[in-house]
Structures are given as C-alpha cells and as structure tokens.
Amino acid sequence: MPLSVTEEAEVSDLLDRVKKLDEEYERYVSPQTPTLGLQAVPGFVLLLKHFALRIERFSVSEYVARYDHFILAFPELLSIRAVRFSGEIGKVSEYSSLLLERFQRKREKGKLELEGSFITMGRLSNVDASLLQMLIPLFLALIRPLSKDSSIFPSPLSFIAHELSEGEQRKVYLSPCSLTAILEKEKFEYKERFPVPGNRFSGFLVYGKALTYKSSPGEIGEIPLKVFVPIHEDFDERFKEYPRGTRTAHLLGMFVFEEGLPVLKPQKRGYFLALQEIPFLPEVEAMAIHGEPLCLAVHTPQRVYEHYCAIESSVEKVDAFVRSVNDKISKFRRRGAYSAVEELTLGSLSREMHDLFKREGDVYKLVAPPLLALAVERASVKDALNEVSKILGELQKLASLGGHEAYLKLSELGKSQLARRVLSTLRGPWKKSFEIQKEYAMLHNLEYLI
Amino acid sequence: MIELKSLKEELKNRLNEMLKVSYKREETIHVEDIRYALYEIENLINKILSIIDELKKFPENVQQLVGPKFIDEISKTCEGIDIAIKDYINKVDDIFESDKVRREFVKYLEMIRKFSEDKEQECYNLRRLLREKTKIFAGRKIEYLRKLEKRVKDLRINFEELEEKSYNLITDLERKKVLMVSPEILDLVRSSELGGEVWAHEIVEKVSGLRSVAGEPYTEEVSIAAPYLHEEEPTRLTIDQLLARYPPFEPIQIEADGIIGRFIWFLESTNIVFIHPKDIQRRVDESVKIDEYSGKLISIKPLDVLKDVQNGEIIIRIQAGFRKVFIKYGSRELNNHVQKYGASIRHSIENIQDRYERLVQKVKGTERAYSVSNLGYSWYCILGLSMSTDPYDLDCPFMSECPVGRKSQGRCNKWSWSRRLFPKVYVVPERELALTSAADPKYGRPLLFITPFAVSGVRMHELYRRAQWYMPSVTPEGPVVEVYFKKNLKKDLPKTNAICFEIPLSLIKAIIESLLDEKIPGKPEVTVMYDNNVSLDKLLLSKFFVYIMTRKGLDTFSFFQMKDDKIIKNFEQKLQKSYNQDEIVNFAIEIFGHTLAHLFHSFISNSLEIEPENLLYVYNIDKKRDALLVSVAENSAWGSLNIAKHAEMKFGTIDRMLEEFVNSITKSLEKHEKDIQSYVMKMKKIITDPTVTKIADELKNRYLSLVNNGIVLDTAIFLNHIVISGQDIDIARKLQLGNVRELRERLTDAVVASGISTCIDGCTACVMLDHGCTAPLIQNIVLSRNLAAWILKVLAGEAPIKGRGNVLGSAIFYQARESFFAFSPYLDEEGVKILTDLAQRAVKVVLVTRKKFAEEFGEQLKKHGIEVYVMKAPRHDKFYILDGRVRVRTTQNLSNLSSINEFLLEQLEPGEAESIVRRELEGGAVERYGGG
C-alpha cells in the first residue's frame with residue numbers, strides 16, 4: 001500500500017515507540033514483580049499459528065506451532081498487549097484475569113517478529129480480579145487511538161501483531177480500544193460469514209464515522225470509520241437493534257489493520273470490529289489528552305526516587321472537553337440519532353469513579369492506574385485505595401523531607417510488602433507509557449479518537 | 001494344466017446351471033451381492049472406528065463436550081459388529097442354506113440398523129450443539145472444536161450410510177430370491193435374454209476360466225480407450241496389466257502425433273486437489289468408470305492433455321503429510337504448437353526441437369537439451385516438492401504457491417538442472433485370501449513344523465487403496481508420495497486355487513527372540529564387506545532402526561540427510577529407550593513372512609513355469625491360530641491353472657514340493673551369497689583407476705564407522721545417504737577433486753571397489769520382486785534374505801540354534817500335538833510344568849529320567865497320566881521326540897530352563913521314532929517307575 005511521506009514517518013515512529021515500550025515491559029515484569037493482566041475482551045482468545053520453514057540441502061520441513069493468543073490489559077504497564085500460551089488447553093481460562101511472571105519478546109530466526117506479543121514460558125496463572133475487570137472501560141478511556149486527515153493510527157499503548165495463516169503467512173496488527181461511533185441507518189450492509197481474525201461471522205459492515213478531538217483548538221471533529229458489527233449471541237445483544245436507526249454508541253472493539261501496516265484508511269481493507277457497548281468516560285479521556293503525571297520525588301543523597309502516583313489536569317480543560325463532547329453527541333440526538341452514549345455514561349461505574357477521580361481545588365486528579373492492580377484480593381477498590389493512601393501520605397512526607405533521613409525512611413517503608421509493591425509500581429513503566437502516547441500525538445500533530 | 005475331460009464335465013454342469021436359472025434382476029439377489037454388501041458394512045464400521053480413534057486423541061476437556069459415554073458405546077458396539085460381520089462374510093453360503101442362520105442374520109442386521117439410526121440422530125444433535133459453540137473466539141480450542149465438529153459430521157454420514165445399507169440388505173433378503181450362480185454366467189444369461197448376441201468364445205471363456213488356448217487365465221478386463229494408443233478398437237487389458245503398464249498419475253509413454261506422454265488418467269483421491277484447469281475434476285470423474293457395487297474398474301479413457309484440456313496443462317497439488325507437492329502435466333507451449341500445426345505437428349517437431357535447444361542453450365548454457373516432444377520426462381524440485389513435465393519449465397512454475405519458492409528471490413535454486421524420467425507409479429495392492437471359504441484344504445505331511453496344504457475354490461480379494469511413487473530428487477529415489485483413492489478399486493477372484501504352508505507363530509517368535517538375546521553366543525554371520533561380518537541380530541536391529549527412522553520407509557529423505565554422528569546417536573537412544581523387544585520381534589516376524597512369501601512366489605513361478613504375474617502371494621500372521629501362513633494363489637478368477645494339481649504332477653506330493661522349496665531356497669541363497677562375494681572380490685581387482693580406489697577407501701572408512709556402531713545400510717541407502725547428507729562434498733574436498741560431479745560420476749564404481757557387498761540383505765536377484773509386491777518402494781527395508789535363509793535352515797533342521805529352555809525349548813516342546821517322548825536325565829519344577837501342561841492338552845507324554853528325579857516328581861507326573869521311566873545307569877545324553885516324527889537333539893534337560901543350550905531339529909522317517917522309543921524303553925537300560 002502506498003503511504004504518503006508523512007504517514008510513513010508516523011508508522012515507523014509508531015513501531016519504534018511500540019518496540020521501545022515492549023523492551024521496557026520485558027525488563028519490568030519478573031517473578032519478583034509479577035504483573036496483572038486483565039482480559040481486555042473477556043472470552044476472546046485468538047489462535048496464533050506460527051509457521052516455520054526449515055530448508056535443508058535436499059529437504060524441507062514445515063513446523064506449525066499453535067498458541068492461544070490472549071489479549072490483555074495491563075494496569076501496571078498502562079497498556080494492552082498480547083501473550084502467547086501453548087501449554088495444556090484449559091490450564092488458563094479466557095474469562096479470568098492472569099498473573100504473569102514473565103514477559104519476554106522473542107525474535108526467532110526465520111520467523112516474523114510479533115510486536116506487542118509476548119511469550120510467558122508458561123509462567124502465568126489465573127487470578128480472580130473480577131472487580132478490576134469492571135474497570136476495563138476506565139483503562140480503555142486512557143488509551144486513545146489517533147488520527148490524521150482520514151487515516152487512523154493505533155495508540156502505541158494498544159498494539160498487537162498477530163499472525164494469520166490462510167494459505168500463506170500474513171501479519172495483521174490489532175488494536176483493542178474504545179471509541180464513539182456514529183452509525184447511520186443507510187450505511188448498513190449485511191455480510192454473511194465476514195472474515196475476522198481466526199473466524200467468520202455474519203453481521204453488518206457499516207461505513208460510519210468516529211468522533212475525533214483536536215487538542216490545540218479543542219474542537220470535536222468526525223472521521224470516516226468502517227465498523228463491522230457482528231450479530232451473534234456472544235456479542236452485545238444491542239447490536240441486533242442497530243440497523244433500525246442511526247445511532248451513536250461508545251464501542252469496545254478492536255481495530256484490525258489489514259495489508260500489513262498499522263494504519264487504517266478509508267477505501268482500504270481494515271476495519272473496526274465492534275464487540276460491545278461500554279460506558280463512555282469523557283472525564284477520563286480528557287485526562288489522557290490533557291493530563292500530566294503527578295510526581296512525588298524523594299531526594300536522597302544517592303539519587304532521586306520518582307513516584308508517579310496520579311494524573312492531574314486543570315478543571316478548566318477537562319470541563320471544556322466534556323462540554324464540547326456532550327454538545328456534539330446531543331447534536332446528533334437532536335438530528336434523530338439514538339444515543340447509547342448518554343445512557344451508559346451513568347451506572348455502576350460512577351460509584352467507583354468517585355473514589356478514583358477527584359477534584360482538588362482547580363485540578364482534577366485521577367489515581368495512577370497501576371494502583372488499581374492492588375485491588376486484587378481486596379473487597380473493593382476503595383479498601384485498596386485507603387491502604388495505599390497511607391503509604392502515599394508517608395511518601396508525601398518523605399518528598400518534603402529529603403536527604404539521608406528520607407533514604408532511611410524510604411528503606412524502612414520498603415519493608416512492608418504492600419508498600420514495596422506500591423513503590424515499585426509507581427516507579428514502573430506506566431508513566432513512560434502515558435507520556436509516549438501524548439508525545440506521539442503531539443509530535444505528528446495527531447487528533448484523538450474519543 | 002487342464003484336463004479335457006474335467007473341462008467338458010465342468011462345461012456341462014455350468015450350462016445346466018444356466019438353464020435352470022430364470023433371471024430377473026429385480027426379483028433376485030446374488031450371493032456375491034450380499035457378500036459385497038457385507039464388505040461395505042465392514043468398511044463403514046472400520047471408518048467409524050477410525051474416527052472414534054481420532055476422537056480419543058483429542059484433549060480431555062474437548063472430548064468431554066462429546067461425552068465419554070458416547071465414544072465408549074460406539075467403539076464397543078462397532079467392534080462387536082465388526083467381528084460378527086467378518087464371521088458372516090466367511091459363512092455367506094450358510095445364510096442361504098440354513099433358515100435359522102438366515103433369520104438370525106436378518107435379526108442382527110436389524111440391530112445394526114436400529115443402532116445406526118439412533119447414533120445418526122445423536123450425531124446430528126451433537127453437531128448442532130458443537131456448531132453453536134465453535135462460533136466464539138477460543139484460541140486453540142476452536143481448532144479442536146472445529147475438528148471435533150467435522151469428525152461428528154463424518155460419523156453422522158457414516159451412520160446414515162450404514163443404516164441405509166443394512167436396511168437395503170434386510171429388504172433384499174426378505175423379498176428377493178437368492179441366486180448362487182456366478183455373476184459372469186448371469187451376465188451371459190442376461191445378455192441372451194435381452195436378445196443381445198453372445199459370442200461362443202465368451203461362453204467358453206466365462207465357464208472355463210480360460211481366455212485362450214494358450215492357457216492365459218481369465219480375469220476381468222478393463223477397457224482403455226485412447227484413440228492413439230492402438231490404432232483400432234479400445235484395448236482391453238486385465239486390471240493387473242493396466243495398473244502395471246499404465247498406472248494412474250503417470251504419463252503414458254506412448255507416442256501420438258510425434259509427442260510422447262500426452263495421455264494420463266487419474267483416480268479421484270482424497271489428498272489431491274486439481275488446481276488447473278478448474279473444470280478438470282468432472283472430466284477426471286467421467287474418464288474413469290468404476291462399478292459402484294463391486295468396486296471393479298470397468299473402463300478408463302485417458303485424458304489427452306494437449307487436446308482435451310484447456311491450455312494443455314493440468315496442475316495438481318498433493319497433500320503429503322506436512323508437505324504440499326505440486327505436479328504439472330502437459331505443456332502450454334507445446335499445446336500452442338499443437339493448435340498451430342494441427343495434425344501436421346509430427347512434421348514440425350524437428351523445427352520446434354531446434355528452437356527449444358537454442359532456448360535451453362541460452363538459459364542454461366548447456367549443450368544438453370532433451371526431446372521437446374517427450375512429456376514422459378520432468379523437471380523437478382530437488383527438495384522433492386514438485387515436478388513438471390513441461391519441457392519449457394526451465395524455472396519452477398510453482399514459485400508463488402510453494403513456501404520455499406516464496407522465500408527465494410527471482411529464480412529458485414532448488415529447481416533441477418536437468419530432466420529426469422517421470423517416476424514409476426506403483427498402485428499398492430492389499431490382498432486377502434479367505435481360507436475359510438476353501439472347500440477342501442488338502443494337508444500334506446509336515447516338514448518338521450512346516451505344514452503344507454493346497455486349497456481350491458478359494459476366494460481372494462485384492463484391494464487397491466493407494467498409489468505411491470518417489471518424487472525425483474538428487475537421487476531418483478526421493479521422498480515417497482502417496483495418494484489415497486476416494487473409491488477403492490477391487491479385484492475379486494471368487495474361486496481360485498492356492499498352495500500354502502504354515503509355520504507355528506510361537507516357534508518363529510521364540511527363534512527370533514533367541515536371535516535377539518544378547519547373552520546367547522554364536523549368532524549367524526552376515527557378510528557386509530569382503531572381510532567384514534556382522535551378526536544377524538545386529539543386522540536386524542539396524543534394519544528395524546532404519547524402518548522406524550524412515551517412518552516405515554515413507555520418509556527416507558530426512559533419514560538420509562542426517563550426518564553419521566547424528567544417526568549413531570539416534571541409534572543408541574532410540575533402540576535403548578523408545579522401543580521394546582516386542583516391537584522388534586513383531587517387525588522381524590513381519591519381514592520374515594514377507595520375504596518367505598516372495599521366495600515361495602518365485603519358487604512356484606520357476607518350478608511350475610507359470611509367469612510371475614499370473615501368481616499372487618499372500619502372507620498372513622494369524623495370532624488366533626498361532627500360525628504364519630504363506631500362500632501363493634493363481635491370479636485367475638476361476639482357478640483355471642489349477643496350481644495344486646500342477647504341483648502334484650511336478651513334485652508327486654505337496655510335501656515333496658515343500659521339501660524341494662526349502663532345499664532349493666536354502667541352497668540357492670547360499671550360492672547367491674557366494675556369488676556375491678566372489679563378484680565383490682573380482683570387481684575389487686578389476687577396478688584400478690586410482691581416483692576411484694581413493695574414493696573407495698573413503699567410502700569404506702565411512703561405511704565401517706557406521707557398521708562398527710551397529711548400523712548396516714545396503715549400498716543403495718548408503719550411497720543416497722552419502723550424497724544427501726553432503727558427504728560427497730567432504731570427500732571431494734579431501735581428495736582435492738575438481739568438483740563434486742567428478743566424484744558423483746565415480747561413486748557407483750567406487751562403492752563396488754570399496755568391497756561393500758552388493759547384496760547385503762536382499763536384491764532383485766534374490767528376494768525382491770519387480771512386480772506384485774505389497775510394499776513396492778521399500779522392499780530393501782521390509783525384506784531380509786539372511787533372516788529368511790537362517791530361520792528356514794533352523795526350521796528344516798539344517799542348522800542348530802542356541803537358545804534358552806524357557807523361550808526356545810518350551811516353544812518347541814509345546815508344538816507336540818499327539819505325543820511327547822522326553823529323555824532328560826535331569827528334571828525340575830519348570831520341566832515338570834511343561835510335561836503336565838502337555839499332558840493336560842491330551843498329549844501322550846513319556847519321560848525317561850534319573851531315579852532321583854523320578855522319586856521326587858514321579859507321583860505328581862503319574863497323576864497327570866504321564867509314563868515315567870528311570871535309568872538304571874546314569875546317562876548324560878538327552879533328546880525329545882514330538883508326535884513320532886520330530887526329534888529334538890539338544891543339550892537341554894527338563895531343568896534349569898533359563899540356561900542357554902543348543903537345539904537341532906531332525907525329521908524322522910515313519911516308524912523310525914517308534915523304533916527309537918522301543919529301543920530305549922525295552923532295551924533293558926530303563927525300568928518303569930512305580931511298577932506297572
């Protein structure tokens with residue numbers, strides 16, 4: 001596919017950033033600091049077939065390695081990536097979250113490199129994190145796909161290379177995310193057995209639109225978007241209603257970038273595979289676009305320990321964003337579109353949100369997403385946050401203290417297991433992830449899909 | 001050999017039969033029809049069982065979706081049905097003769113029908129359930145789910161068919177009259193009834209079983225219609241001739257309009273896809289006519305690639321294990337020429353050839369250009385992934401489809417430099433001789449433990465399920481490709497004759513086990529080089545190893561390309577860890593049976609002067625009857641050659657024939673061995689070219705290092721291994737030869753000069769058959785001249801064998817059926833057990849032993865009715881006489897059975913045994929223990 005010069009720059013920069021992040025993640029995850037992987041799309045496991053061809057002098061042999069390809073959201077990494085698993089079928093469930101002790105990129109000779117896909121050497125186990133599983137919309141709100149003109153690029157934070165083998169080897173890039181789509185009644189086309197990675201579904205292919213946000217003037221725009229809405233009992237029941245009228249919906253789904261490049265252009269193959277409707281969290285999205293990581297730095301004589309414990313943004317910017325988004329959506333509703341977005345914005349999540357997202361003076365603060373991972377094995381997110389807030393209070397004190405004493409106190413604090421985990425996760429790669437998405441958007445002057 | 005009188009008699013009888021028959025097809029059912037229906041049911045059951053076996057290999061949590069009860073029930077019931085159907089096949093005639101059997105049979109069929117109906121419904125429901133489940137994304141699980149769904153679908157289809165088949169058979173049996181005349185005669189009656197003409201010779205052919213006065217046996221013929229093949233009418237060939245001369249998938253090497261190899265015929269196969277042209281599948285189906293009911297091939301009409309086919313080329317893809325193999329027939333360019341010149345192409349060929357040669361010269365820079373008009377040659381991939389008969393394919397035409405081709409930029413360097421003859425396609429026969437259907441097996445006097453017998457009027461089937469050939473590669477014998485026909489071809493010989501012999505399986509097993517026993521010294525030696533021997537057991541192990549490593553001979557290539565050290569390492573590991581003795585023993589029994597069958601086949605052919613293709617061999621390992629059965633049958637539907645009688649005329653009796661066979665075979669094999677050795681010696685002296693001798697030394701060293709590690713390869717395998725594993729390059733470099741080609745040209749000479757025996761364990765001059773083998777491509781792996789010769793010698797009493805009493809000794813002793821005379825000075829518990837076991841089988845047992853042991857065990861033995869005698873003076877010799885005709889000379893007492901002793905079998909003349917026993921018992925040297 002011919003790419004324009006700037007697109008080429010964007011794609012190669014994107015791949016570089018993804019690889020850089022992957023390296024970072026590989027270093028971070030270890031048996032000492034295992035990481036939690038939430039099912040980004042529960043029940044959704046891809047089949048990864050890895051073909052290898054060994055050509056010898058007078059013979060050739062073909063090997064096929066089969067893996068389950070789990071798509072996971074990592075709160076501690078603030079990223080969506082995939083892990084491969086080839087152990088016993090049924091050892092890990094696709095409905096429950098995973099705890100990973102190993103996260104290794106692999107480059108094998110003669111095989112395609114799969115960016116954003118890690119091997120675990122079987123070092124993974126199921127863990128119950130149903131509480132956090134509910135917060136998936138919040139993570140997804142922080143991970144924004146990007147666009148420029150009419151091309152869509154995945155966020156470097158949600159990036160998976162997958163291998164398809166239908167006749168020949170083919171690499172597709174996938175990017176699970178959420179977005180607001182406007183699906184007009186006239187643009188629905190019924191497709192029988194439409195091919196999606198690893199399966200075929202009947203459903204509607206819709207030439208719809210997605211909403212974008214340009215951060216500098218703060219405008220809401222539209223961009224063409226091809227969406228496939230599968231009709232099957234395992235997907236959202238509401239999908240069946242879709243063709244009846246024009247609709248705005250906040251969808252959880254996955255970009256499928258065909259043609260071997262992580263960029264989606266109208267009139268080309270590649271589409272957004274809708275999986276379900278999820279609550280829309282404009283405030284959180286605003287944090288992803290305008291927010292800055294809040295640092296608690298402890299200055300010791302040896303070095304400076306930086307702990308990023310929240311995302312902070314001015315009330316003014318966030319409110320402006322929320323207002324213009326709501327205006328836009330209600331405009332559509334006035335034009336007769338049914339809006340699923342408003343309906344879902346409220347609901348069960350709002351209570352949890354209350355604990356996570358707070359106004360302090362003229363700033364909004366969003367708790368650092370990695371801290372949520374601590375809520376595994378706790379009764380509620382609030383409980384976890386209460387425990388954490390004590391540690392953060394200590395940290396606050398140390399930050400103002402500084403010097404040798406701070407160092408001693410810091411090591412004292414590190415004696416408690418929970419505190420040690422909190423500190424390491426706050427020093428972890430999430431801040432880098434957060435900044436890389438913003439940097440990437442800024443550098444190439446990209447708009448955010450909201 | 002036909003007697004005029006019996007022929008006349010036969011004719012009269014058959015005609016009488018014909019006249020009695022009132023033939024109306026819709027009212028009658030023929031015995032053979034029922035038999036075929038049963039075969040089909042059996043076939044279906046086997047298909048179902050193999051699907052079930054596959055299901056059992058699925059991971060457990062996937063299997064649970066089907067439910068273990070479902071699988072268990074089907075497999076259990078089907079196994080039961082399988083046994084019952086096999087039984088009914090053997091006694092089809094009874095179904096007509098006895099009302100009771102018939103009623104039972106119908107009842108049983110009804111059971112099968114009901115069962116398959118139920119299961120069909122269950123499968124239907126199950127499949128719907130699975131289909132719902134397969135629609136989600138489930139990683140590897142989805143693959144299994146899909147496979148599972150497909151298997152359940154297959155199951156359903158098979159059950160549906162089974163239900164239909166059994167239903168039809170039931171209604172036929174209840175409503176129709178049953179005929180027991182041969183279908184050939186029915187054909188005749190039908191054609192005369194329909195007012196058609198019947199040639200007198202047809203009647204004579206069909207009722208006499210003879211096709212011509214020359215005594216060619218009559219078998220069903222296939223008509224082959226290709227206008228150019230023979231000028232006149234469609235040719236008629238027997239199926240054997242057809243499959244041997246013009247097998248499917250191979251271009252027919254016959255010229256038409258100056259072009260060779262333009263005709264090909266195909267059989268629809270499960271692992272073949274026609275890629276080009278799109279509509280070819282239909283044409284292929286049309287070109288072959290197979291009788292739906294009997295599976296007989298009726299006619300074929302080979303496709304003319306340059307005339308009938310769009311663009312003049314056919315491309316097929318074969319799924320061979322993991323590999324995809326492509327073959328292109330015909331030639332687009334040549335097709336264009338044919339279109340251009342029409343029938344006058346014959347005169348333009350020189351012209352085209354000229355241009356072709358220039359083209360080849362330009363592209364390849366070589367003088368050598370093959371005939372452009374010969375499509376019987378092919379370019380090929382040296383990886384064995386493809387070949388093309390198109391002379392213009394100087395580059396691989398499959399680059400875009402082949403994974404290797406896709407990786408190479410521009411031209412694929414794996415495409416051959418020169419053309420090679422299209423490989424010979426072998427259609428593999430599977431044979432079954434239904435001995436139970438024989439009317440009157442005539443047993444001859446056994447030669448020691450080998451029992452000869454002859455049967456007449458016996459049914460035999462040949463089934464052609466697959467075809468195989470070598471893909472050409474660096475060596476002509478590249479990787480093997482097999483295709484599996486969708487419809488099996490059947491050949492049925494309803495009433496043929498066979499001469500057979502059987503050997504107790506337990507005895508062969510004991511002999512082989514003794515051979516493989518590492519502790520036993522004095523194994524027979526096999527010459528592998530003019531001054532180097534290995535023992536037979538080592539050879540056998542090495543053979544088994546090659547068999548396993550080459551995946552039963554089908555994947556020789558991956559084995560050949562291993563380096564020597566890897567082979568040696570594998571050899572040590574595999575044989576020590578992965579395989580148990582039983583597997584090796586079973587393999588050895590198999591190759592012994594197969595080799596013996598080949599030998600018997602050639603013996604009968606030579607001594608009775610019958611063309612080899614008019615004979616078929618069958619060997620059968622029958623565990624139930626404890627027998628290895630080797631037979632040679634006439635390849636004629638109605639037994640017109642009557643080989644049993646023939647043999648009788650030639651040898652007097654059938655036992656004489658067996659004796660003659662054993663003698664001549666052991667002698668000729670010995671002579672063969674000597675011939676080879678002297679040939680090797682002579683050749684060693686004749687070849688004096690210094691380069692060749694240098695190469696020979698290199699080969700010798702490499703060969704010796706393999707032999708010293710226990711791996712014995714025959715020269716063909718060894719040479720292939722040298723070339724394919726790249727050792728030719730090493731040698732060329734070491735000897736500083738200009739290039740490898742120089743070396744390769746001398747390889748064959750060098751291997752002769754190196755002194756490696758040209759026939760280590762079988763060659764075409766001794767045990768291999770050119771034609772009719774059931775494993776045509778791997779004869780060098782599945783035959784063993786040395787093993788057959790040695791076991792035969794042991795069985796014929798010409799060679800002693802060392803073995804343990806509890807393995808070999810007991811195996812021999814337990815062969816006694818009527819009487820067992822034991823002269824054993826020593827005795828212990830184990831020995832007593834053998835004696836009492838025999839006595840319990842109603843064998844009359846007499847024992848002579850020392851007084852001490854008689855006192856110890858006498859009462860116990862007498863309880864079993866064993867006569868015990870004690871020696872008056874201590875003696876050390878021991879011997880045993882079985883059934884009054886076999887004397888076992890041995891060092892084995894009936895004690896200490898785990899020790900190693902020597903055994904020699906000896907055939908006694910009638911009466912001889914009696915006099916020996918009398919001399920021992922009444923000579924005054926012994927007395928009856930316990931009085932009496």
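Remember, predicted model here, so these are calculated numbers, not experimental data. Numbered from 1 within each chain, the chains take letters A, B, ... in sequence-line order.
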Greatest number of non-hydrogen atom pairs under 4.5 angstrom with chain A, of B:Gly726, B:Ser473, B:Gly384, falls to B:Gly726
What part of A:Phe85 is in contact with chain B, defined as an atom under 4.5 angstrom from a non-hydrogen atom: side chain, backbone, both or neither? both
Less than 4.5 Å to any heavy atom of chain B: does that hold for the side chain of A:Pro230, its backbone, both, or neither? neither
Decide whether A:His162 and A:Ser117 meet the rule of one side-chain donor and one side-chain acceptor closer than 3.5 Å. no
Can you tell me how far the NZ atom of B:Lys569 sits from the NZ atom of B:Lys563, to the nearest 0.5 Å? 15.0 Å
Is the backbone of A:Pro176 close enough, under 3.5 Å, to the side chain of A:Ser158 for a donor and an acceptor to pair up by distance?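 Yes.
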Does a salt bridge link A:Arg105 with A:Asp22, judged by any charged N lying under 4.0 Å from a carboxylate O?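 Salt bridge: no.
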Examine whether an atom of B:Pro59 lies under 4.5 Å from a heavy atom of chain A, and if so say whether it belongs to the side chain, the backbone or both; otherwise answer neither.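 Just the side chain, heavy atoms under 4.5 Å.
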Which atoms of B:Glu143 come close to chain A, meaning under 4.5 Å heavy atom to heavy atom: side chain ones, backbone ones, both, or neither? side chain
Does the structure place the NZ or CZ of B:Lys147 under 6.0 Å from the centre of the six-membered ring of B:Tyr144, at an angle of no more than 45° from the ring's axis?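 Judged by the rule, B:Lys147 and B:Tyr144 form a cation-pi pair.
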A:Leu46, A:Asp68, A:Leu48: which one forms the most heavy-atom pairs within less than 4.5 Å of chain B? A:Asp68
